[in-house]
Amino acid sequence: MQKIVIIGGVAGGMSAATRLRRLDEEASITVVERSGHVSFANCGLPYHLGGVIEKRSSLLLQTPESLAARFAIDVRVRHEARAIDRANRRVTVRDLATDEDVELEYDALVLSPGARPVVPRIPGISVAHTLRDIEDLDHLVASARDAREAVVVGGGFIGVEVAENLVHRGVAVTLVEATDQVMAPLDPEMVEPVHDAMRAAGVRLALGVSVVRIDPGEPGEPHLAHLSDGRAVPAGLVVAAIGVRPETSLAAAAGLALGERGGILVDDSLRTSDPAVFAVGDAVEKRDGLDASSVLVPLANTANRQGRVVADVIAGRPGVDRPVLGTAIVEVFGVAAAAVGWNEKRLREAGRPHRVIHTHPGSHAGYYPGAEAMALKLLVDPGTDEILGAQAVGRDGVDKRIDVVATAMAGRLTAGDLADLELAYAPQFGSAKDPVNMLGWVDRAVADGDVETLQWHELDGALAAGATLVDVRSPREHAVRPVPGAVNIPVDDLRARLEELPDGPLVVHCEVGLRGYVAARLLAQHGRSVRNLDGGYRTWAAGTAGQRTAERVGAPA
Ligand SMILES: Cc1cc2nc3c(=O)[nH]c(=O)nc-3n(C[C@H](O)[C@H](O)[C@H](O)COP(=O)(O)OP(=O)(O)OC[C@H]3O[C@@H](n4cnc5c(N)ncnc54)[C@H](O)[C@@H]3O)c2cc1C
């Protein structure tokens, strides 16, 4: 009989434990969990804070009793693993209720201790809350009861979710983010709808600013958060959400190898540097799906998948851990933002050549009620047509499109292959030419040289070099949403008014890029040198709005 001990009883740990039982009825399986709960829904925590998930009990998916009954797993909550004796294959575990230590023997040990929130080292930070487990949530809910104002430090996934849910509770929120945008996986021109939605809901976004000191308030009085731009924001509640770091203290003390990013080092079978010790989830370094480099991707899907793979390996089945693409999604005040693979910022930093495609399709057929516009971005290797990444932002249909692209990436389809995907269609769900197909067509048009595109941030340079910008939208659109310097010739009039165009290179633009493409094809066939502004006015407007924020952020206070 194999003795298996698992440290950490939530996403990765509990997936491993239950799959192991399904594979091996004889094994002794013990799960050691420091907090008071196992298998709780960490991803749901912010939504109980805001009352969206009304009952706290909805977050508790299993109990030690239910796991014992169905899976014969010995689950020990409020027990902390304190040391690993690798030579004798024992773990020292402390019962936090009695402070007594017990020794657990193992044949295989699985570490799934997760990650711990990074807390900025600033004076007064001890008043700040973090959110990782049910106990954290209970403290946060208790403090939020009397708070009228809150400061959320950090604009990542958890920061924006906490900000949204505090607003749902009627708390006035200032979100402080050190960079010039929230949601780092998105490129600047894609994140603007998220900023807009947060501001419209009343969140004060302090971008490019850090909290430098917190003066704790007297009882009944708010704290005062001092920002790097000199402002002081009163806050009954401060939440620190600037990211997480792999929880590696136990592994490091046991002499297990850590990787270059500070996570536990594992091989494709999720074995650590000790063949009897495995590790999964947020605590481990993963292999990047694009370049196989070491990355930290603290996401639930990966932790759960790795939990299953490690169970297979321990049970003697073939199990291989796949590289990660970091597919992720968040919703903030009705706007969903999703990403997969690398973003343009990262591709540029790595000096990796890339083709960029922006589109603004409807979530479903425009003639069927309720269609919402979304913004899609596809990043493609211009040499191989490999999909390098994608981003999607909008109120509807975003999850479906990013998941299709993530699936295409996992299956090694090229960007051009997206054009041929046969996707389910009825007018309330999509379009007969689905937005994902459309990305494929645009990619092929660019790859085949049918059209040359220009990115929003390249426009000023092209105009300075002497290009003429032609807005091919209607006069009304041109008047209401102008790009400075453009002359207006609607696409339907273009054929008849060709002689009005000055000599030299042309850039055409429309609202989203489609009429611009038609105009560019027409002009190219009349012998003109022409580029289409990718993503049209909408991408340009979002990009330049982000640029203005970045310039404000970069300017001296
Ligand atoms: C508020 C919040 C929202 C999130 N939302 C999303 C989301 O929407 N989508 C998404 O993909 N991911 C989300 N995540 C991330 C996701 O929850 C994690 O990636 C996932 O839970 C990681 O699984 P894990 O098993 O590695 O660690 P965890 O699930 O964190 O479990 C680790 C457990 O190990 C225990 N532990 C640590 N050390 C010891 C020890 N020495 N002894 C005993 N027990 C120990 C801890 O108490 C902890 O309960 C969210 C996380 C949080 C906190």
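As the structure lists them, so they are numbered: ligands from 1, and atoms in each ligand from 1.
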- Who pairs with K3 by salt bridge (charged side-chain N to carboxylate O under 4.0 Å, His left out), at least two apart in sequence or on another chain?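 K3 satisfies salt bridge (charged side-chain N to carboxylate O under 4.0 Å, His left out) with E105 only.
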- Lys/Arg-Asp/Glu bridge criterion (N-O < 4.0 Å) met for R401, D403: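 Judged by the 4.0 Å cut-off on N to carboxylate O distance, R401 and D403 do not form a salt bridge.
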- Are the charged groups of R287 and D267 less than 4.0 angstrom apart, N to O?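 Result for this pair is no, no salt bridge flagged.
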- Query: Is any side-chain heavy atom of F333 closer than 4.5 Å to a side-chain heavy atom of M198?
  - Reply: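 F333 vs M198: side chains touch.
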- Message: Among residues at least two apart in sequence or on other chains, which ones pass side-chain contact (heavy atoms from CB on, under 4.5 Å) with V320?
- Response: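 In terms of side-chain contact (heavy atoms from CB on, under 4.5 Å), with neighbours along the sequence ignored, V320 is linked to D268.
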- Message: Among residues at least two apart in sequence or on other chains, which ones pass side-chain contact (heavy atoms from CB on, under 4.5 Å) with A392?
- Response: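 For A392 the side-chain contact (heavy atoms from CB on, under 4.5 Å) partners, ignoring immediate neighbours, are L376, V398, I402.
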Extract all N/O-N/O pairs under 3.5 Å that connect ligand 1 to the protein, and present each with both atom names and the distance rounded to 0.1 Å.
unit_1, atom_1, unit_2, atom_2, d
ligand 1, 11 (O), A300, N, 2.9
ligand 1, 12 (N), A300, N, 3.3
ligand 1, 19 (O), D282, OD1, 2.8
ligand 1, 19 (O), D282, OD2, 3.2
ligand 1, 19 (O), P298, O, 3.4
ligand 1, 19 (O), L299, N, 3.3
ligand 1, 19 (O), L299, O, 3.4
ligand 1, 19 (O), A300, N, 3.3
ligand 1, 21 (O), N42, ND2, 3.2
ligand 1, 25 (O), G12, N, 2.8
ligand 1, 25 (O), S112, OG, 2.8
ligand 1, 26 (O), D282, N, 2.8
ligand 1, 29 (O), A11, N, 3.3
ligand 1, 29 (O), N42, ND2, 3.3
ligand 1, 30 (O), R132, NH2, 3.0
ligand 1, 38 (N), R34, NH2, 3.4
ligand 1, 41 (N), A81, O, 3.1
ligand 1, 42 (N), A81, N, 3.0
ligand 1, 44 (N), R34, N, 3.0
ligand 1, 47 (O), E33, OE2, 2.6
ligand 1, 49 (O), E33, OE1, 3.0
ligand 1, 49 (O), E33, OE2, 2.9

